[in-house]
Amino acid sequence: MYPDDRRYTREHEWAKREDGRVRVGITRFAAERLSDVVYIELPTVGTEVRAMQPFGVVESVKAASDLYAPVSGRVVEVNADLLEHPERINQDPHGDAWLIVVEPANDTEWDQLLTAEAYAALVAAEGA
C-alpha cells in the first residue's frame, strides 16, 4: 500500500529521492484521514525548511493540519497545481499530488525516516 521507493515520517509525509533532491507529499493514510482537502498552503521556491518542522498547512472539511518537512534544505520546486486544485491530494497522494521538492542540506536525515514497512506498522498501530 505504501511505495517502498520512498521514506516516511511519523507525521504522515512521504519523501522520495530523485537525482539528489527529495520530493515530498502526504501519505494516502493522511489524505484519507483528512477526507476532502479544500485548501493547501505551501512555501515559495527558495524557502529553507527544517526537518520535522512545519512548512505548510493542509485544510479539509474536517480539520487543518501542519505539513512537516522530512528533511532540511531549500525548496526548489512547488506543486502550484495543488494551490488551485487541493482536492487532487485525495485522488493521487503518492503520485501527481506531491507538495514540494527540497534540495537536502544533510543526507544523514534520510536514514532517520521510516521505511515503507515501518510506516505500515505505524499506521496499523494507529488503527487504520
Any side-chain heavy-atom pair of [X] and [Y] under 4.5 Å:
| X | Y | value |
| --- | --- | --- |
| L42 | L99 | yes |
| V102 | V76 | no |
| W14 | H94 | yes |
| R17 | R6 | no |

What are the two closest heavy atoms between [X] and [Y], and how far apart are they?
| X | Y | result |
| --- | --- | --- |
| P70 | L113 | O-CD2, 3.6 Å |
| W98 | I100 | CE3-N, 3.6 Å |
| M52 | T9 | CE-CG2, 3.7 Å |
| I40 | L82 | CG2-O, 3.5 Å |
| P43 | F55 | CD-O, 3.3 Å |
| A116 | Y2 | CB-O, 3.5 Å |

Item checked: side chain to side chain donor-acceptor pair (under 3.5 Å) against N106, all qualifying residues, sequence neighbours excluded -> T108

Margin query: Applying side chain to side chain donor-acceptor pair (under 3.5 Å), can you list everything that pairs with S72, at least two apart in sequence or on another chain?
Written below: E109

Item checked: All side-chain contact (heavy atoms from CB on, under 4.5 Å) counterparts of L122, not counting sequence neighbours -> R10, H12, L114, Y119, E126

Next item on the list: Tell me, please, which residues at least two apart from M1 pass side-chain contact (heavy atoms from CB on, under 4.5 Å).
Entry: R28

To the nearest 0.5 Å, tell me how far [X] [atom1] sits from [Y] [atom2].
| X | Y | atom1 | atom2 | result |
| --- | --- | --- | --- | --- |
| E103 | R74 | CD | CZ | 4.5 Å |
| D36 | E87 | CG | CD | 9.5 Å |
| T27 | I89 | OG1 | CD1 | 11.0 Å |
| W110 | R7 | CH2 | CZ | 6.5 Å |
| D4 | T115 | CG | OG1 | 9.0 Å |
| L34 | N90 | CG | CG | 7.5 Å |

Item checked: Test log, rule side chain to side chain contact (heavy atoms under 4.5 Å, CB included), inputs T44 and V75 -> CA-CA 7 Å; T44 59; V75 175; over 6 Å; no

Margin query: Around atom CD of E117, are there more than 12 heavy atoms from other residues, nucleotides or ligands closer than 6.0 Å?
Written below: no

Check: Would you say D111 has more than 12 foreign heavy atoms packed within less than 6.0 Å of its CG?
Finding: yes

Next item on the list: Look at the side chain of N79 and the backbone N and O of A97, then say whether any donor-acceptor pair between them is shorter than 3.5 Å.
Entry: no

Next item on the list: Mark yes or no for whether S60, through its side chain, and V37, through its backbone, hold a donor-acceptor pair below 3.5 Å.
Entry: no

Kindly list each side-chain donor-acceptor pair under 3.5 angstrom involving residues 19-26, sequence neighbours excluded, with atom names and distances?
unit_1: R23; atom_1: NE; unit_2: E18; atom_2: OE1; d: 2.8
unit_1: R23; atom_1: NE; unit_2: E18; atom_2: OE2; d: 3.1
unit_1: R23; atom_1: NH2; unit_2: E18; atom_2: OE1; d: 2.9

Next item on the list: Establish whether L67 and V45 are linked, either directly or via other cluster members, by ILVMFWY side-chain heavy-atom contacts under 4.5 Å.
Entry: yes

Next item on the list: Report whether Y68 and V58 are members of the same hydrophobic cluster (ILVMFWY, side-chain heavy atoms less than 4.5 Å apart, transitive linking).
Entry: no

Next item on the list: Tell me, please, which residues at least two apart from D81 pass salt bridge (Lys or Arg N to Asp or Glu O under 4.0 Å).
Entry: R88

